[in-house]
Colleague: 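Mind looking over this structure? Questions follow.
Every value quoted in this text rests on a predicted model; they were computed, and no experiment measured them. Scope of the values below: all heavy atoms of this structure, side chains included, with no hydrogens, waters or symmetry mates. In what follows, chains carry the letters A, B, and so on, assigned in the order in which the sequence lines appear, proteins first and then strands, with residues in each chain numbered from 1.
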Number of protein chains: 4
Amino acid sequence: MSRTTPAVPSRSDAVRNRRLLLDAAARTFAERGVEVSIGEIAQCAGVGKGTVFRHFSSKADLLAAIMLGMLDELESAGTALLEAGDPALALRDFMAAGVEIFVRDRAFCEVVGRPSLQSEQVREAIHRLRDVAEELTARARRQGAVRPDVTGTDVVLLLSGIQHTAAPLLVTEPEAWRRYLELAFDGITADTRRSLPYPPPRRLPLASPDAQVDG
Amino acid sequence: MSRTTPAVPSRSDAVRNRRLLLDAAARTFAERGVEVSIGEIAQCAGVGKGTVFRHFSSKADLLAAIMLGMLDELESAGTALLEAGDPALALRDFMAAGVEIFVRDRAFCEVVGRPSLQSEQVREAIHRLRDVAEELTARARRQGAVRPDVTGTDVVLLLSGIQHTAAPLLVTEPEAWRRYLELAFDGITADTRRSLPYPPPRRLPLASPDAQVDG
Amino acid sequence: MSRTTPAVPSRSDAVRNRRLLLDAAARTFAERGVEVSIGEIAQCAGVGKGTVFRHFSSKADLLAAIMLGMLDELESAGTALLEAGDPALALRDFMAAGVEIFVRDRAFCEVVGRPSLQSEQVREAIHRLRDVAEELTARARRQGAVRPDVTGTDVVLLLSGIQHTAAPLLVTEPEAWRRYLELAFDGITADTRRSLPYPPPRRLPLASPDAQVDG
Amino acid sequence: MSRTTPAVPSRSDAVRNRRLLLDAAARTFAERGVEVSIGEIAQCAGVGKGTVFRHFSSKADLLAAIMLGMLDELESAGTALLEAGDPALALRDFMAAGVEIFVRDRAFCEVVGRPSLQSEQVREAIHRLRDVAEELTARARRQGAVRPDVTGTDVVLLLSGIQHTAAPLLVTEPEAWRRYLELAFDGITADTRRSLPYPPPRRLPLASPDAQVDG
DNA sequence: CATGAATGAGAGTTCATTCAT
DNA sequence: GATGAATGAACTCTCATTCAT
């Protein structure tokens, strides 16, 4: 996919530029989607176009780096919530944190939906996130707070689904996702004898034979 | 945006090519999203690039034609279900029909989710769809089968959300959306005194400051 | 240049269509230049695009046919004026007739200026026109009404020059060319001992190695 | 029409390429008219197609840059001639300079003659040129060296007319325009009581309802 | 290291011309 | 004979990526 993105640089200006770039890219992708050009991102970060490619060996790599940041952030939040007293509340807080991150970044969702854009690292981060979600869900499940056949994979998938449900409203009502989070949470905590009509997903398939991203 | 897309042609070869084109475009957009090039669609339909532009005066027009077909299909399904005996079941069937269309078609989701891709006609069709959804929801609501504060707009938004929830699984488990439809349905029919923490969306905002699709 | 444009057809509807086309093309070229598309001309003539190519085997041929019509018209006018009583007046009337024809048709000038657009037939017609102009000029010269070293070729060239001088004004002042015709005529009839600083053109070179017109 | 064409660059290679490009474009436009493609110009300059668009944000901008250069050159020549001792000679020299530029450049004529090709900047430059021509003409007029009703606008229009008169000859006789300049000059300096049969142009109409040039 | 100039593949779109109906 | 559908080369312009400065 890409040569290999250089690791985090050591020189202080390089570190600063990397930060600048990630922020600018996140903001720009968030506002306008994955189609914004590298040139715009560079300009928005106040650096030259070449600098983008020094730090990230392709547009796909830049996207992956942003994804990674967000996934890590959410994973940390989830890990912290494992310590929380109320498992059901912890699960709900985790989902709220996740949707909020997704909502902040429109590109995130586009990328999660497109396996072709994902790097190996992103896939690994998603799997780690799924593991944390599984632990949180298991705790709540054990308490009887969620349906017995709801899994951590379900929870992760729902994050993206909730964001997409609310997406068209977010321009005018940035908090509207809370409505759909509640609906979804009521769905997974519904006191119902019926189990769901389709079995829980076994795997979270993220690889794909699609063509490369080109821009 | 477009000069004016010629109406359905009368000559038999033209009719055939138009059909070929719509099918190829629907399939290609469905599989790979709105970014597929006109050239690929043409090739896939076995016609020359120019023929695409004879039938649809721009890429946006072609996309709109396909969207309109699907939206109309779903609207019809909804209208038919207004006659059904069981309002709750009718609503669920409508949602199933909707998600199934979304699932079939990746471009559909992109267009519905991205105002910048929408033509006026598409917006109108979405609004008509929302109206049908509202009627179906109202019937179920009157019966006490769904929460009092759930609206037709919620239902339409959920269609896309459910599809996105299941999206990563669809490659390996094409029916997985049924699981999340059930979850969502349980969410909107949950017997809960709490009303949702965020008020129902007033409007379905589909206009956008973005530039129109160009290619 | 072109296969061979079919001669004037015999069937009455074909004759009518040919007339319709020539008129529409002349009018359209005149108004908007040689860049108008064949499709527009066809539409403007109320016939199909195919019909244009039945009558004229290429766009260049259509242009040539129009040119020929105008050149013939002017040649006839010139021939008639050979009989006029006042040679100077006859020459001036000839020039007025010529400029008026040029002014009527913007494309005419573009074509006359671009040897690549000219067919053999057009070149021949221009040479015939030059011969008539030469006769008219010779008569006036013999009377002492024009400078001794002014030739028929000069006169023909001036027609196009006068038209171009006035061109930018013609939209708002369609008769403005009369001003520049007068200036030019005063120039060639000026009572001056000096002969012109550059000898009269020997030939009217109209062939060219330029690329073909394509449209 | 154009985003904004970047100013003259500072890096030496860019400066060189910009020069190469302007020269190639000027030469190519001059020889073959405004219809030459950007691709050809790029090839002719020995650079990639993209480089053209880096330096000039559209074809129209490139054309405008070249036109502006020539118009400024001529305006400067005119301004310098305002200091000349002999007003009539100065006017003639100005016209000679102008025709020479026109003769060198076929695109120049097309642009000046076709309002649809003009940018605002070009129109302004033409108006400045007209003002200089008016001063030169006024000086000559005050001396009685030119007809009382000949204006600077006439002079500017004549530049193009003279070029077009000589155009067909220029391939074989590149200096032939001097003949027609003399004729025209004798026309505007003719010692005649008659005023011209059509009043002087009030304005130099350069705006147009036509679409802008696109390529 | 940072820069932004250069590149060229590829996008959407137009249109003269051909040819099946 | 007339039509207009099909074609595909050509055009302008964009942008990820490379590389000289």
Side-chain angles (χ1 to χ4, degrees), chain A residues 2-3 9 11 13-14 17 35-40 42-43 47-55 57-60 62 212-215, chain B residues 2-3 6 9-18 35-40 42 47-55 57-60 62 213-215, chain C residues 2-3 6 9 11 13-14 17 35-40 42-43 47-55 57-60 62 212-215, chain D residues 2-3 6 9-18 35-40 42 47-55 57-60 213-215:
Chain A
S2 46
R3 311 299 172 130
R11 265 180 51 171
D13 56 344
N17 273 346
E35 296 196 11
V36 288
S37 75
I38 290 288
E40 257 174 305
Q43 189 172 20
V47 304
K49 240 185 333 180
T51 304
V52 181
F53 286 92
R54 168 163 304 277
H55 287 282
S57 62
S58 72
K59 188 177 177 177
L62 173 54
Q212 292 295 82
V213 65
D214 51 18
Chain B
S2 46
R3 315 285 169 152
S10 47
R11 252 173 63 172
S12 68
D13 54 346
V15 173
R16 202 183 107 269
N17 272 341
R18 194 188 147 92
E35 295 197 11
V36 288
S37 78
I38 289 288
E40 256 175 306
V47 304
K49 225 173 1 173
T51 304
V52 182
F53 287 96
R54 160 167 296 278
H55 287 280
S57 59
S58 70
K59 186 179 178 178
L62 172 55
V213 67
D214 53 16
Chain C
S2 48
R3 313 299 171 129
R11 264 180 52 171
D13 56 344
N17 273 345
E35 296 197 12
V36 288
S37 75
I38 290 288
E40 256 174 306
Q43 189 172 21
V47 304
K49 240 186 333 180
T51 305
V52 181
F53 287 91
R54 168 162 304 277
H55 287 281
S57 61
S58 72
K59 188 175 175 178
L62 173 55
Q212 291 295 83
V213 67
D214 52 18
Chain D
S2 47
R3 314 282 168 156
S10 47
R11 252 172 63 172
S12 68
D13 55 345
V15 173
R16 201 183 109 268
N17 272 343
R18 193 188 148 91
E35 295 197 12
V36 287
S37 77
I38 289 288
E40 255 174 306
V47 303
K49 224 174 1 175
T51 304
V52 182
F53 288 98
R54 160 166 298 277
H55 287 280
S57 60
S58 70
K59 185 178 178 179
V213 67
D214 53 17

Colleague: Round to a whole Å and report the spacing from NE2 of His55(A) to P of dT17(F).
Modeller: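 In whole Å, dT17(F) P and His55(A) NE2 are 16 Å from each other.
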Colleague: With rounding to the nearest 0.5 angstrom, report the CG to NE2 distance, Asn17(A) to His55(A).
Modeller: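 The CG atom of Asn17(A) sits 5.0 Å away from the NE2 atom of His55(A).
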Colleague: What distance do Ser37(D) atom OG and Lys49(D) atom NZ have between them, rounded to the nearest 0.5 Å?
Modeller: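 Ser37(D) atom OG to Lys49(D) atom NZ measures 8.5 Å (nearest 0.5 Å).
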Colleague: Among dG1(F), dT17(F), dA9(F), which nucleotide has an atom closest to any side-chain atom of Phe53(A)?
Modeller: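 So the nucleotide nearest the side chain must be dT17(F).
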Colleague: May I ask you to verify if any side-chain N or O of Asn17(B) is less than 4.0 angstrom from the OP1 or OP2 atom of dA5(F)?
Modeller: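 So the side chain of Asn17(B) is outside the cut-off, no N or O lying under 4.0 Å from OP1 or OP2 of dA5(F).
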Colleague: Record whether the side chain of Lys59(C) comes under 3.5 Å of the base of dT17(E) through a donor-acceptor pair of N or O atoms.
Modeller: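 Looking at the base of dT17(E), it does not pair with any donor or acceptor on the side chain of Lys59(C) (distance under 3.5 Å).
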Colleague: In whole angstrom, give the distance that lies between atom CG of Leu62(B) and atom P of dA11(E).
Modeller: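 Going from Leu62(B) (CG) to dA11(E) (P), I get 15 Å.
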Colleague: Which residue, Glu40(B) or Gly50(B), contacts DNA chain E at a nucleotide closer to its 5' end, judged by nearest heavy atom?
Modeller: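 Comparing both residues, the 5'-ward one is Glu40(B).
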Colleague: Could you tell me the separation between the CD atom of Glu35(B) and the P atom of dG10(E), rounded to a whole number of Å?
Modeller: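 It works out to 15 Å between those atoms.
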Colleague: To the nearest 0.5 Å, what is the distance between CD on Glu40(B) and CD on Glu35(B)?
Modeller: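 It is 11.0 Å, given to the nearest 0.5 Å.
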Colleague: Return the nearest nucleotide to the side chain of Arg11(B); candidates are dT3(F), dT3(E), dG12(E).
Modeller: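 That would be dT3(F).
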Colleague: I want to verify a distance call: between dT7(F), dA2(E), dT17(E), whose nearest atom is closest to the Lys49(C) side chain?
Modeller: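 Among the listed nucleotides, the one closest to the side chain of Lys49(C) is dT17(E).
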Colleague: Between C1' on dA20(F) and CZ on Arg54(A), what's the gap in Å once rounded to a whole number?
Modeller: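 Atom-to-atom, Arg54(A) to dA20(F), this comes out as 13 Å.
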Colleague: Pairing check on dT14(F): which nucleotide meets the Watson-Crick or G-U wobble criteria with it, both distances under 3.5 Å?
Modeller: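 Here dT14(F) is engaged in a pair, and the nucleotide opposite it is dA9(E).
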Colleague: Quick one: pull up CD1 in Ile38(B) and OG in Ser58(B) and give me the separation to the nearest 0.5 Å.
Modeller: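 Ile38(B) CD1 to Ser58(B) OG: 8.0 Å, rounded to 0.5 Å.
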Colleague: Are there over 12 heavy-atom neighbours, none belonging to Gln43(C), within less than 6.0 Å of that residue's CD?
Modeller: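 Atom CD in Gln43(C) is not packed in, count stays at 12 or less.
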Colleague: Please pick, from dA11(E), dA2(E), dA16(F), the nucleotide with the shortest atom-to-atom distance to any side-chain atom of Ser37(B).
Modeller: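 Of the options given, the side chain of Ser37(B) lies nearest dA11(E).
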Colleague: If pairing requires Watson-Crick or G-U wobble contacts with both distances under 3.5 Å, which nucleotide is the partner of dA2(F)?
Modeller: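 WC or wobble partner is dT21(E).
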Colleague: Between Val52(A) and Val36(B), name the one whose nearest nucleotide on DNA chain E is closer to the 5' end.
Modeller: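 Of the two residues, Val52(A) wins.
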Colleague: Taking OP1 and OP2 of dA5(F), is either one under 4.0 Å from a side-chain nitrogen or oxygen of Thr51(B)?
Modeller: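 Result: no.
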Colleague: Assuming nearest nucleotide by heavy-atom distance, tell me which of Gly39(D) and Ala14(B) is located more 5' along DNA chain F.
Modeller: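 Closer to the 5' end of DNA chain F: Ala14(B).
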Colleague: dA5(F) P sits how many Å from Ile38(C) CD1, rounded?
Modeller: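 Spelled out: CD1 on Ile38(C) to P on dA5(F) is 17 Å.
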Colleague: Provide, to the nearest angstrom, the distance between the CD atom belonging to Gln43(A) and the C1' atom belonging to dA5(E).
Modeller: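 Taking CD of Gln43(A) and C1' of dA5(E), I get 16 Å after rounding.
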